[in-house]
Novice: 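After the structure tokens below, expect a handful of questions from me.
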Protein chains: 2
Amino acid sequence: MVMKKSFGIKDIAKMLGISVSTVSRALRDAYDVNPETKKRVLELTEKLNFKLNKNASALASGNTKNIGVVIPFITNYYFSTVISGIQEEAYNQGYNIILYVTNDDIEREKKLIENIATSSLDGLLISISSNSHIVEHFETMMRSGLPIVFFDRVPQHIQASKVVQSDFDGAYQATTYLIEKGYDRIAHIAGPSELSFTQERLRGYLQAHTDAKVPHHKEYVIFSGFGQSHGFDDTKALLSLPQPPNAIFAVNDRKAVGAIQALNQACIRVGQDFGVIGFTNDPISTVIEPNLTTIEEPAFEIGRQSCQLLIRHIKNKDFEPREILIPGRLIERQSVRSD
Amino acid sequence: MVMKKSFGIKDIAKMLGISVSTVSRALRDAYDVNPETKKRVLELTEKLNFKLNKNASALASGNTKNIGVVIPFITNYYFSTVISGIQEEAYNQGYNIILYVTNDDIEREKKLIENIATSSLDGLLISISSNSHIVEHFETMMRSGLPIVFFDRVPQHIQASKVVQSDFDGAYQATTYLIEKGYDRIAHIAGPSELSFTQERLRGYLQAHTDAKVPHHKEYVIFSGFGQSHGFDDTKALLSLPQPPNAIFAVNDRKAVGAIQALNQACIRVGQDFGVIGFTNDPISTVIEPNLTTIEEPAFEIGRQSCQLLIRHIKNKDFEPREILIPGRLIERQSVRSD
DNA sequence: TAAAAAAATCTAAACGTTTATTCGGTGTAG
DNA sequence: CTACACCGAATAAACGTTTAGATTTTTTTA
């Protein structure tokens, strides 16, 4: 194994007959270095395709140019799109992203956060596990001084920057739309009740009823998991009520799809007698029949803006935490009647 | 900003009254260090929640414990599942993964590969862009001595470790299945013709015809993109042929879904008069009506094994390149008749 | 019991940057 | 003509590990 001794800033300096510090400054600052010298350095490094050793510079300067991303899943349209957004912004600003997946398991999340080598990170982007009531591990991490931005699934009682879609608003839009289309018995099949966004969406759903002066029945709200099968089962349960609903607002598109399948199976005409609306704008919305009307979640934008915000925190440690709310958009398709 | 001076191995050594080298070895090797001493070190570092500085140790040792992953997309069931597999293996073996996304753009891919800081990576996992005929950038990278494993979309003429699903075999299975079910005019809606896996799937499709002695018509093979809309359009084209096919084998599930939509629209009874089979086992297979019969791609396993193979290369630079072929599995649903 | 071997630990030199400080020139003001 | 400021560049000390090789201590062997 002939490891050719690595070629460094020192060699560049020697070749140019100048000192390493000058090369180092030429490669970054522009400050305090003659434009002419700088040009010579850049030309040579370009020609030799020379790259700084990241470990050495991270060690000396304390900046790694790495951002950690902690998420529950990636096999999921929403999260993978968020990552795309993060990636895009990071790439443009010269940061790399290091990926950590918790599998939505609080134990793994804790272990992971505890073992994260903060020395190799300039900052952290986190979307917490569903059942993450416990947040001490985040707090100790934050106390260590590492900049953190939470996105999508955020802890309630932590003072930190957060980026989320406007769940209340989206749910309000969705519900109001159903009411406008003439549905008067609207159910909501929700997610796990602990998660802040299921609470927010529920709140929007209720507020829309209040504002439109449409009475609301408690038994029309069901909390369960996020899967297609949960949507299916919840809908079955709703249909067997003495007075079943005539519309469903689902917490996400997967559950909405499950709902439509249950309705199709019961020979109820979705998009006419019965309205269904989802949340996300997952690609499955255009494969289910009838195509699903839904609230589009700005996943890419959430990723991009979280990353942008984090980089601000990294560059300026005094930057004040802020919360960014990104609105969703109603996308009309065929699962709600159109007149 | 009170940056509390970072606490290092040196402080541990002082507290224990031993030298730094002993601490360093205790923290890794076990070799040449008294078990008793080792225990003391581990207890203290545990108690203080001490972590080595990754940059310093990478600089000194040359090992970063980071693996780079280069992929075309992540907003896609297949790739995100592959990443899950990579993540899982990397996590278990104590490696971090750094993510690079090319957007399937050869220019971006080239630029990215050229700029990748090899100093921060122990190895690289790559799935190339569709139109990546040019492979010099990979070759220079490999010559630099960085271990590389290609997966899924692999370059043809490069001598390196590769992990792919058995495309030929899957396509052969799919086509044979259609023939067995009595379909005799089977079309293939393929992907971009340059990609090796579209060639392999085509080969399997053709071989199945040959082996079953079923005649095959050239105009039944159409090359185009990967999207749902491509599947839709290709199917329209096939249906307008003087003698249209009575079954379709699609290069992936998205195109199969497009095909079913076109067939539904033309009021052709999919699963009876007409058979459709896909490739991937994307979650959309269970939302389209009728549910899609397909070949499951072992995405997670591909990720896991690629990563495992790469780590072997990292640990043993003399490890010989090998190619791993992972078989797919037929999943019967309703888009092919069952008797 | 002396010599040799093995085990445990230490010393100190890397690793390749960054950056505070120093230094030498050159231009400018008094 | 001296003193001062200023610009560009050099020196050298970090940064926190790893790891040969040296050294000390302990065990084994003859």
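Residue numbers start from 1 in every chain, and the chains themselves are labelled A, B, ... in the order their sequence lines are given, proteins ahead of strands.
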Novice: From the list D:dC15, D:dA10, D:dT18, which nucleotide is the closest neighbour of the side chain of A:T22?
Specialist: D:dA10
Novice: To the nearest angstrom, how far is B:I18 atom CD1 from D:dT24 atom C1'?
Specialist: 16 Å
Novice: Atom NZ of A:K65 and atom P of C:dT17: how far apart are they, to the nearest Å?
Specialist: 17 Å
Novice: Does A:S19 put a side-chain nitrogen or oxygen below 4.0 Å from OP1 or OP2 of D:dA9?
Specialist: no
Novice: Could you check which of D:dA12, D:dT18, C:dC10 has an atom nearest any side-chain atom of B:V20?
Specialist: D:dT18
Novice: Please evaluate the base of D:dT11 for a donor-acceptor partner in the side chain of A:S21 within a cut-off of under 3.5 Å?
Specialist: yes
Novice: From the list C:dC10, C:dT18, D:dG16, which nucleotide is the closest neighbour of the side chain of B:A60?
Specialist: D:dG16
Novice: Would you please say whether a donor-acceptor pair under 3.5 Å links the side chains of A:S84 and B:T75?
Specialist: yes
Novice: Return the 5'-most residue of the pair B:P35, B:A56 with respect to DNA chain C, ranking by each residue's nearest nucleotide.
Specialist: B:P35
Novice: Take the protein atom CG of A:L27 and the nucleotide atom P of C:dG16, then report the distance between them rounded to whole Å.
Specialist: 16 Å
Novice: Please give, in whole Å, the distance from D:dT17 P to B:N63 CG?
Specialist: 16 Å
Novice: Taking only the side-chain heavy atoms of A:L59 (C-beta and beyond), determine which of D:dT17, D:dC15, D:dA9 contains the nearest atom.
Specialist: D:dC15
Novice: Within the 3.5 Å criterion, strictly below it, is a donor on A:D152 or A:Q165 matched to an acceptor on the partner's side chain?
Specialist: yes
Novice: Using a heavy-atom cut-off of 4.0 Å across all strands, would you classify B:N34 as base, sugar-phosphate, or nothing?
Specialist: sugar-phosphate
Novice: Report the relative orientation of the aromatic rings in B:F79 and B:F151; use parallel for angles under 30°, tilted for 30 to 60°, perpendicular for over 60°.
Specialist: perpendicular
Novice: Rounding to an integer number of Å, can you tell me how far B:F50 CZ sits from D:dT17 C1'?
Specialist: 9 Å
Novice: On a heavy-atom basis, which atom in A:M141 and which in A:L124 lie closest, and how many Å separate them?
Specialist: SD-CD2, 3.6 Å
Novice: In this structure, how many angstroms lie between the C1' atom of D:dG16 and the CZ atom of B:R28, rounded?
Specialist: 13 Å
Novice: Side chain of B:R25: nearest nucleotide among D:dT19, D:dA9, C:dG16?
Specialist: D:dT19
Novice: Under 4.0 Å between any heavy atoms, over every strand shown, what does A:S119 touch: base, sugar-phosphate, or nothing? Just pick one.
Specialist: nothing
Novice: What is the separation between atom CD1 on A:I9 and atom P on D:dA10, rounded to the nearest whole Å?
Specialist: 13 Å
Novice: Any base atoms under 4.0 Å from B:S24, or only sugar-phosphate, or nothing? Heavy atoms, all strands.
Specialist: base
Novice: C:dG16 C1' sits how many Å from A:L52 CG, rounded?
Specialist: 9 Å
Novice: Which residue, B:D32 or A:T37, contacts DNA chain D at a nucleotide closer to its 5' end, judged by nearest heavy atom?
Specialist: A:T37
Novice: Identify whether the distance between the nearest side-chain nitrogen and carboxylate oxygen of A:K111 and A:E114 falls below 4.0 Å.
Specialist: no
